[in-house]
Amino acid sequence: MAPFNLTPSNPSTFILMGIPGLEAAHVWISIPFTMFYILGLWGNVMLLYVVSKEQTLQKPMYLLLCMLALSDIATSTAVVPKTLCIFWFNFKGITVGGCLTQTFFLSMVSVMHSAILVTMAFDRYVAICNPLRYTTILRKGRIAKLGLLCLIKAVLFILPMTLLLSRLPFCANRVIPHTFCEPIALVKLSCGDITLHRTYSLVIMFVVSVLDLSLIVLSYGLIFRAVLRISSKKAHQKALNTCTAHICVLLAYYIPGLFVNLTHRFGQGIASHVHIILANLYLLISPMLNPVIYGVKSKELRDKLSKYTCRM
């Protein structure tokens, strides 16, 4: 394969380098990436299909899980196809518009994903603390409105950040040492004043992370208080079991995300290719694990998934 020219002939084009320092291993690295992507895609599509076909599964918890599955599919699909084009065909060019679109989409889906997890925590709170009114509080129409609210929140938070990015002047060197366009990479290429963008990004990160995590902690604080008031150990276990899957999904999303962000900001001694691989795995592992977690923890969903899988 002819070497790619790293100097963009078009001034409106960026160059995505993939994983600098590991170019010779790109094809080998693409194998686990592809496997994780296919498994995650298959698991989430199967979940969406089974819930759409089974009337008994069209409950608030599973409808919210479908929203989570859609955000998982969107996250990995926004990154993996372009990454594989870099690994397999050395297609490294991406337009400024394409880069900004990818940045907006990834950030928006991330905020929406977090908002859906908050909504799922609220669902578990109502199911345990107010079970008699569960079906009246969380009707299908209300679930749809909550999903739309999550989307509107994500767009309103991320759109200004993307507009600020689009107004930045970029330097002649338009090489991005990464497999996808992330906001911090674009900011580093700017020759202009990035103070406003940095301030807004920090405010958004603080508001989204702190507010969402606070609401989740509050929901589970109320849940555990209600559970402790139950005298029966069997009822204790049953109540906590309804939360186990959601807690596992929370841990699978927030802990790796926190680790990736901390290593990126404070792990200056860590090699750049380690940062890039961790960032990609973070976008691939969670979408792959979520259907597995709910499939294992929910007998009702597991039975239906087995039923349709055996038919194939």
Side-chain angles (χ1 to χ4, degrees), residues 44 60-76 78 103-130 137-138 142-162 182-184 197-226 242-265 278-279 282-287 289-291 293-294:
N44 284 296
M61 182 178 76
Y62 296 115
L63 295 176
L64 289 169
L65 186 56
C66 286
M67 292 181 194
L68 195 69
L70 287 171
S71 72
D72 284 337
I73 291 169
T75 300
S76 53
T103 298
F104 168 76
F105 199 71
L106 283 173
S107 302
M108 184 201 71
V109 172
S110 177
V111 173
M112 187 173 177
H113 195 288
S114 184
I116 292 169
L117 291 176
V118 173
T119 310
M120 294 174 82
F122 175 68
D123 166 75
R124 293 299 83 204
Y125 162 73
V126 177
I128 292 173
C129 298
N130 207 345
I137 294 174
L138 291 172
R142 189 161 291 169
I143 292 295
K145 288 177 183 177
L146 287 171
L148 182 61
L149 189 63
C150 292
L151 177 61
I152 292 171
K153 171 191 171 183
V155 172
L156 290 178
F157 276 33
I158 299 303
L159 187 58
M161 186 181 75
T162 310
E182 57 178 3
I184 194 168
H197 178 273
R198 280 186 179 276
T199 304
Y200 185 80
S201 298
L202 286 172
V203 169
I204 289 299
M205 184 177 69
F206 179 80
V207 169
V208 171
S209 301
V210 172
L211 181 60
D212 287 358
L213 284 172
S214 297
L215 290 172
I216 289 170
V217 169
L218 175 63
S219 295
Y220 275 99
L222 294 172
I223 287 170
F224 290 137
R225 188 181 70 173
T242 64
C243 300
T244 305
H246 183 241
I247 291 172
C248 291
V249 168
L250 286 171
L251 295 175
Y253 180 73
Y254 282 113
I255 291 179
L258 181 63
F259 179 74
V260 168
N261 283 321
L262 288 176
T263 55
H264 190 80
R265 291 179 182 276
L278 286 175
Y282 171 60
L283 297 176
L284 289 169
I285 297 297
S286 181
L289 288 180
N290 288 346
I293 291 169
Y294 270 93

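The structure displayed is predicted, hence computed values, not measured ones.
- For Asp72, the side-chain hydrogen bond (donor to acceptor under 3.5 Å, both in side chains) test picks out His113, Asn290, with sequence neighbours left out.
- Leu222 CG to Ile128 CD1: the interatomic distance, rounded to the nearest 0.5 Å, is 11.0 Å.
- Ser107 places a side-chain heavy atom less than 4.5 Å from the side chain of Pro183.
- One finds the SG atom of Cys66 at 6.0 Å from the CG atom of Leu63 (value rounded to the nearest 0.5 Å).
- Residues Pro160 and Val155 come closest through the heavy atom pair CD-O, 4.2 Å.
- Taking 4.5 Å as the limit, every side-chain heavy atom of Leu68 sits out of range of all side-chain heavy atoms of Tyr253.
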Derivation of the side-chain contact (heavy atoms from CB on, under 4.5 Å) call for Leu138 and Leu146: CA-CA 10 Å; Leu138 291 172; Leu146 287 171; 4.2 Å; yes
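- Lys153 is linked by a side-chain hydrogen bond (donor to acceptor under 3.5 Å, both in side chains) to Asp212, counting only residues two or more places apart in sequence or in another chain.
- With a 4.5 Å cut-off on side-chain heavy atoms, His246 and Ile293 do not count as touching.
- Using modelled atom types, one finds no donor on one side chain facing an acceptor on the other under 3.5 Å when comparing Tyr254 with Ser209.
- Looking only at side-chain heavy atoms (C-beta outward), Met161 and His197 come within less than 4.5 Å of each other.
- Inter-residue side-chain proximity for Thr244 and Ile247 is flagged as unmet; no heavy-atom pair is nearer than 4.5 Å.
- Smallest separation of non-hydrogen atoms from Tyr200 and Phe157: OH-O, 2.7 Å.
- Side chains of Tyr282 and Thr75: no donor on one and acceptor on the other come within 3.5 Å.
- With a 4.5 Å cut-off on side-chain heavy atoms, Leu211 and Val118 do not count as touching.
- For the atom pair CE of Met112 and CE of Met67, the computed distance is 7.0 Å after rounding to the nearest 0.5 Å.
- Side-chain contact between Leu215 and Phe122 is absent, with no heavy atoms from C-beta onward closer than 4.5 Å.
- Contact of the Cys243 side chain with the Ile223 side chain is registered, since non-hydrogen atoms from C-beta on lie closer than 4.5 Å.
- Summarising the geometry, atom CG belonging to Leu218 is positioned 8.5 Å from atom OH belonging to Tyr125; distances are rounded to the nearest 0.5 Å.
- Distance CG/Leu278 to CG/Leu283: 11.0 Å, rounded to 0.5 Å.
- The CG atom of Leu251 sits 11.5 Å away from atom CG of Leu289, with the distance rounded to the nearest 0.5 Å.
- Of all heavy-atom pairs between Ala115 and Cys150, the closest is CB-SG, 3.6 Å.
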